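Keep in mind the model is a prediction, meaning the values are calculated, not measured. Here is how names work: the chains are called A, B, and so on, in the same order as the sequence lines, proteins then strands, and each is numbered from 1.
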Protein chains: 2
Amino acid sequence: MDFLPLSHYSNKFWLMHKGDVNEEMALMHRRMAERGYKSTPQRDEIARWVFQTHDHFTVEDILEDFRKDGKKISQATCYRVIQMLLQLNLLIEHDFGRGVRFYEHTPGHPHHDHIICNECGQIFEFQSEELENLKESICQKNGFSMTRHNLSIYANCNRCTPEEKAEKAKKRRY
Amino acid sequence: MDFLPLSHYSNKFWLMHKGDVNEEMALMHRRMAERGYKSTPQRDEIARWVFQTHDHFTVEDILEDFRKDGKKISQATCYRVIQMLLQLNLLIEHDFGRGVRFYEHTPGHPHHDHIICNECGQIFEFQSEELENLKESICQKNGFSMTRHNLSIYANCNRCTPEEKAEKAKKRRY
DNA sequence: GTATGTGCAAAACGTTTGCAAGTTC
DNA sequence: GAACTTGCAAACGTTTTGCACATAC
């Protein structure tokens with residue numbers, strides 16, 4: 001069991017991957033070409049944002065940043081590009097039961113599970129080989145071929161003080 | 001690892017618990033009294049439906065059955081009663097990423113995880129003590145006190161033929 | 001030039017809420 | 001009779017869609 005260095009505490013781990021963004025863009029363009037998707041400035045702009053973000057994000061997060069930067073890309077396009085990235089297997093979708101869909105890009109981001117703090121809303125990631133093997137073997141034994149899985153553990157973290165929790169909970173939009 | 005006899009194949013397992021409905025109603029009334037909720041015909045009617053249903057259901061499922069039976073209970077009330085049952089810990093909520101919330105009642109229904117078939121949409125249940133222990137130990141080791149968790153495995157089942165899958169997929173609303 | 005993608009506004013979806021009227025205790 | 005619950009319709013927040021215009025190849 002390994003806890004990844006978490007983007008919420010420090011995103012050093014992921015920043016080491018910064019150089020990958022161009023690689024991921026190239027990968028995307030290859031897959032787009034294969035499937036007949038055309039390359040457009042909007043798609044590139046959104047994809048670059050996505051590949052640069054090493055955290056769980058919502059569509060609103062993208063739009064907010066674009067508004068701040070004065071970039072005008074419509075909401076509809078944004079949703080459509082996210083759908084495309086999902087189709088190209090460059091993104092995965094999470095539903096943490098907060099009424100919004102969260103996304104994270106997959107290239108360079110190995111499978112992991114999530115722990116969501118009930119109190120402060122922070123999303124933590126962890127990996128457990130043992131857990132992965134167990135899931136796989138449960139499926140195999142019972143005649144399922146697993147395509148993806150999603151373990152969300154809701155818990156109370158001991159990472160912040162009650163005061164910090166209250167403050168973070170207040171700031172949470174979702 | 002045990003596969004429960006699944007309500008989707010046969011609900012014999014759960015039907016054995018049929019006699020519990022009145023017990024569950026009594027439990028609900030006790031908890032309602034404790035917390036100052038008043039007893040109303042609508043609450044009883046909805047609760048009875050919930051406790052009689054040994055399957056994953058949506059609010060729309062309840063309303064549909066009531067419409068069929070000519071029972072007039074408003075949508076708003078239905079949502080409100082579900083919220084109450086959640087508060088009373090008689091119900092748990094699942095989000096299988098289909099845009100609707102699924103519920104199942106907890107009394108007499110031990111914790112289990114889910115496998116959702118990508119092709120036919122059926123929801124299967126299983127229990128694994130090993131898996132539960134592993135989740136618990138991961139949390140403990142890392143300073144989280146787990147309150148609940150949610151493992152959804154998406155897979156292709158081998159339970160029905162391609163034709164049946166196509167047919168079931170067509171019927172799926174969610 | 002044709003097929004595809006974009007932006008806008010409107011619709012769709014499940015869910016929640018404000019309020020007046022009705023019910024419970 | 002005070003407090004709570006209901007039903008209706010309207011509002012909500014996120015996501016999707018229809019359509020006219022623009023762009024990519």
>> Rounded to the nearest 0.5 Å, what separates atom CD in B:E136 from atom OG in B:S145?
In response: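 Spacing of CD (B:E136) from OG (B:S145) equals 9.0 Å.
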Please tabulate, for the side chains in residues 76-86 of chain A, all donor-acceptor contacts under 3.5 angstrom to protein atoms that are two or more places apart in sequence or on a different chain.
from  : atom 1 : to    : atom 2 : distance (Å)
A:T77 : OG1    : A:S74 : OG     : 3.1

Please report, to 0.1 Å, the donor-acceptor pairs under 3.5 Å made by any side chain of residues 100-108 of chain B, with sequence neighbours excluded.
from   : atom 1 : to     : atom 2 : distance (Å)
B:Y103 : OH     : B:E93  : OE2    : 3.1
B:E104 : OE1    : B:H56  : NE2    : 3.2
B:E104 : OE1    : B:H112 : NE2    : 3.2
B:E104 : OE2    : B:H94  : NE2    : 2.6
B:E104 : OE2    : B:H112 : NE2    : 3.0
B:E104 : OE2    : B:H114 : NE2    : 3.3
B:H105 : ND1    : B:E24  : OE1    : 3.0
B:H105 : NE2    : B:T53  : O      : 3.3
B:H105 : NE2    : B:H54  : ND1    : 3.2
B:T106 : OG1    : B:N89  : O      : 3.1
B:T106 : OG1    : B:L90  : O      : 3.4

> Looking at residues at least two apart in the chain, or sitting in another chain, which of them share a salt bridge (Lys or Arg N to Asp or Glu O under 4.0 Å) with B:D113?
Replying inline: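 For B:D113, the residues satisfying salt bridge (Lys or Arg N to Asp or Glu O under 4.0 Å) (neighbours in sequence not counted) are B:K135.
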> Can you name the residues that form a salt bridge (Lys or Arg N to Asp or Glu O under 4.0 Å) with A:K68, not counting sequence neighbours?
Replying inline: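 For A:K68, the residues satisfying salt bridge (Lys or Arg N to Asp or Glu O under 4.0 Å) (neighbours in sequence not counted) are A:D65.
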Stretch [range]: residues that reach within less than 4.0 Å of DNA chain C through a heavy atom:
range                     : value
residues 85-96 of chain A : none
residues 29-44 of chain A : A:Y37, A:K38, A:T40, A:Q42, A:R43
residues 74-82 of chain B : B:Q75, B:A76, B:Y79, B:R80

> Tell me the salt bridge (charged side-chain N to carboxylate O under 4.0 Å, His left out) pairs involving residues 36-54 of chain B, sequence neighbours left out?
Replying inline: B:E45-B:K71
> Any side-chain N or O of B:R101 under 4.0 Å from OP1/OP2 of C:dT16?
Replying inline: yes
All side chain to side chain donor-acceptor pair (under 3.5 Å) counterparts of [X], not counting sequence neighbours:
X      : result
A:R148 : none
B:T147 : A:N118
B:R67  : B:E60

> Quick one: stems for DNA chain D, with Watson-Crick or G-U pairs under 3.5 Å, at least three in a row?
Replying inline: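 Stems (3+ consecutive pairs) listed as C:1-25 with D:1-25.
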